[in-house]
Amino acid sequence: MIRGIALSLLALASLASAASAAELKSQYTSLQNCPAVDRLKLANRTLEKSDRTAIFRCAGVGGFSVYVADDDPRSFLVLERGKTLYSLERPMASAFSLGNFPNVTGAKQAEWRLDPAGAPAGLIVRVAYQRADGAAASTLMVFDLRGEPMVIGAAKTNEEARDLIDGALVARTLEEKLSRECNAIYVSLCKGFPPGPEMLGGCFDVRPEIADEIPQKCVADFQTNVENYHQAKGGY
């Protein structure tokens with residue numbers, strides 16, 4: 001699953017503007033020699049320091065802190081922003097599919113990918129694991145930090161990992177720009193209808209001829225909006 005996501009995002013990244021990607025920068029923080037903490041309360045369980053468990057709190061960037069949770073025989077990261085904790089245990093440990101005993105305790109640093117405004121857009125960290133044949137291996141896991149952190153792929157090289165984040169960021173920026181442009185067109189075509197999620201569907205039912213005035217770039221979005229409206233209303 002991770003590899004499939006990675007390939008699709010790499011293809012998308014190849015279409016991204018080189019100039020836009022060049023505006024993104026990386027900043028690095030250490031994951032070694034961080035202060036130890038005794039307890040970390042997660043949503044589904046509480047980690048406590050013991051002979052088998054160690055917890056370290058490392059500095060991050062842009063309001064993030066990073067906990068390295070060594071829960072033998074696996075380890076993973078927990079991100080903290082404000083007073084909210086985001087455990088990466090599932091993608092980095094319990095649902096890790098590339099091999100056995102994934103761990104981040106040997107990772108020297110985290111790479112933070114910053115957007116043009118300087119805000120963290122992505123996180124890259126190396127995860128070591130054991131292959132089915134017993135050989136040692138590692139991969140770079142890539143996380144999207146816009147909103148709730150989520151895994152977007154795995155990469156072999158830092159360049160490939162950066163492309164995943166940069167491509168996803170550029171794609172989202174383009175999608176948001178197109179959405180604003182299409183919404184402005186809908187508003188101009190639906191004068192007299194109150195703005196809101198039901199505006200376009202209600203407008204189309206009364207003025208179906210507006211479909212002929214929708215530019216090609218907005219057709220798919222227009223159709224989705226109308227279909228969602230009718231589904232919410234119980235269909236035809």
Side-chain angles (χ1 to χ4, degrees), residues 1-11 13 26 28-60 64-81 84-113 120 122-145 147-165 167-168:
M1 179 63 179
I2 288 177
R3 179 54 55 188
I5 295 174
L7 289 175
S8 62
L9 284 173
L10 278 174
S26 288
Y28 301 87
T29 58
S30 177
L31 296 177
Q32 296 294 317
N33 302 315
C34 302
V37 298
D38 294 331
R39 191 169 183 268
L40 185 62
K41 183 176 177 58
L42 305 178
N44 61 338
R45 63 178 176 137
T46 297
L47 295 173
E48 295 190 4
K49 181 181 178 181
S50 69
D51 293 340
R52 293 175 57 88
T53 302
I55 310 161
F56 304 92
R57 189 173 189 267
C58 305
F64 277 101
S65 295
V66 184
Y67 291 92
V68 179
D70 186 359
D71 194 25
D72 187 48
R74 301 172 178 175
S75 63
F76 56 93
L77 300 183
V78 177
L79 303 182
E80 181 179 43
R81 180 167 50 189
T84 304
L85 293 175
Y86 302 96
S87 175
L88 304 183
E89 179 178 8
R90 178 171 173 77
M92 298 187 82
S94 61
F96 188 83
S97 61
L98 299 180
N100 302 315
F101 312 120
N103 71 84
V104 294
T105 53
K108 295 182 179 180
Q109 61 187 11
E111 179 178 353
W112 305 82
R113 200 67 173 147
L123 173 68
I124 301 169
V125 63
R126 185 166 294 281
V127 178
Y129 62 95
Q130 184 183 84
R131 293 199 315 233
D133 60 6
S138 69
T139 188
L140 290 168
M141 292 198 71
V142 183
F143 294 87
D144 189 335
L145 301 183
E148 183 171 342
M150 62 177 292
V151 63
I152 58 174
K156 293 181 180 180
T157 67
N158 290 85
E159 291 76 15
E160 184 180 325
R162 292 174 194 132
D163 283 345
L164 288 176
I165 296 170

How close do [X] and [Y] get, heavy atom to heavy atom, and via which atoms?
X    : Y    : value
N103 : G106 : OD1-N, 4.0 Å
I124 : A161 : CD1-CB, 3.6 Å
L164 : A155 : CD1-CB, 4.4 Å
R74  : F101 : CG-CA, 4.2 Å

Distance-only donor-acceptor pairs under 3.5 Å for side chains of residues 84-96, two or more places apart:
from: S87; atom 1: OG; to: E89; atom 2: N; distance (Å): 3.2
from: E89; atom 1: OE1; to: R45; atom 2: NH2; distance (Å): 3.3
from: E89; atom 1: OE2; to: R45; atom 2: NH2; distance (Å): 2.6

Return the [atom1] to [atom2] distance between [X] and [Y], rounded to the nearest 0.5 Å.
X    : Y    : atom1 : atom2 : answer
L47  : D71  : CG    : CG    : 5.5 Å
E111 : Q109 : CD    : CD    : 7.5 Å
T139 : E160 : OG1   : CD    : 8.0 Å
Y129 : N100 : OH    : CG    : 10.5 Å
S26  : I165 : OG    : CD1   : 7.5 Å
D72  : T53  : CG    : OG1   : 8.0 Å

Test item: [X] side-chain N/O and [Y] main-chain N/O as donor-acceptor pair under 3.5 Å:
X   : Y    : value
Q32 : A107 : yes
S75 : V104 : yes
R57 : P35  : no

Pairwise side-chain contact, [X] with [Y], heavy-atom cut-off 4.5 Å (strictly under):
X    : Y    : result
L79  : L123 : yes
V125 : L140 : no
R39  : I55  : no

Quiz item: Who passes ring-ring contact (aromatic ring centres under 6.0 Å, His included) against F56, sequence neighbours left out?
Solution: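 By the ring-ring contact (aromatic ring centres under 6.0 Å, His included) rule, F56 matches no residue at all.
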Quiz item: For V68 and C58, what are the C-alpha separation, side-chain angles and deciding distance, and is it a side-chain contact (heavy atoms from CB on, under 4.5 Å)?
Solution: CA-CA 8 Å; V68 179; C58 305; 4.1 Å; yes
Quiz item: salt bridge (charged side-chain N to carboxylate O under 4.0 Å, His left out): which pairs involve residues 129-142, sequence neighbours left out?
Solution: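 Of all non-adjacent pairs touching residues 129-142, those that pass salt bridge (charged side-chain N to carboxylate O under 4.0 Å, His left out) are R131-D133.
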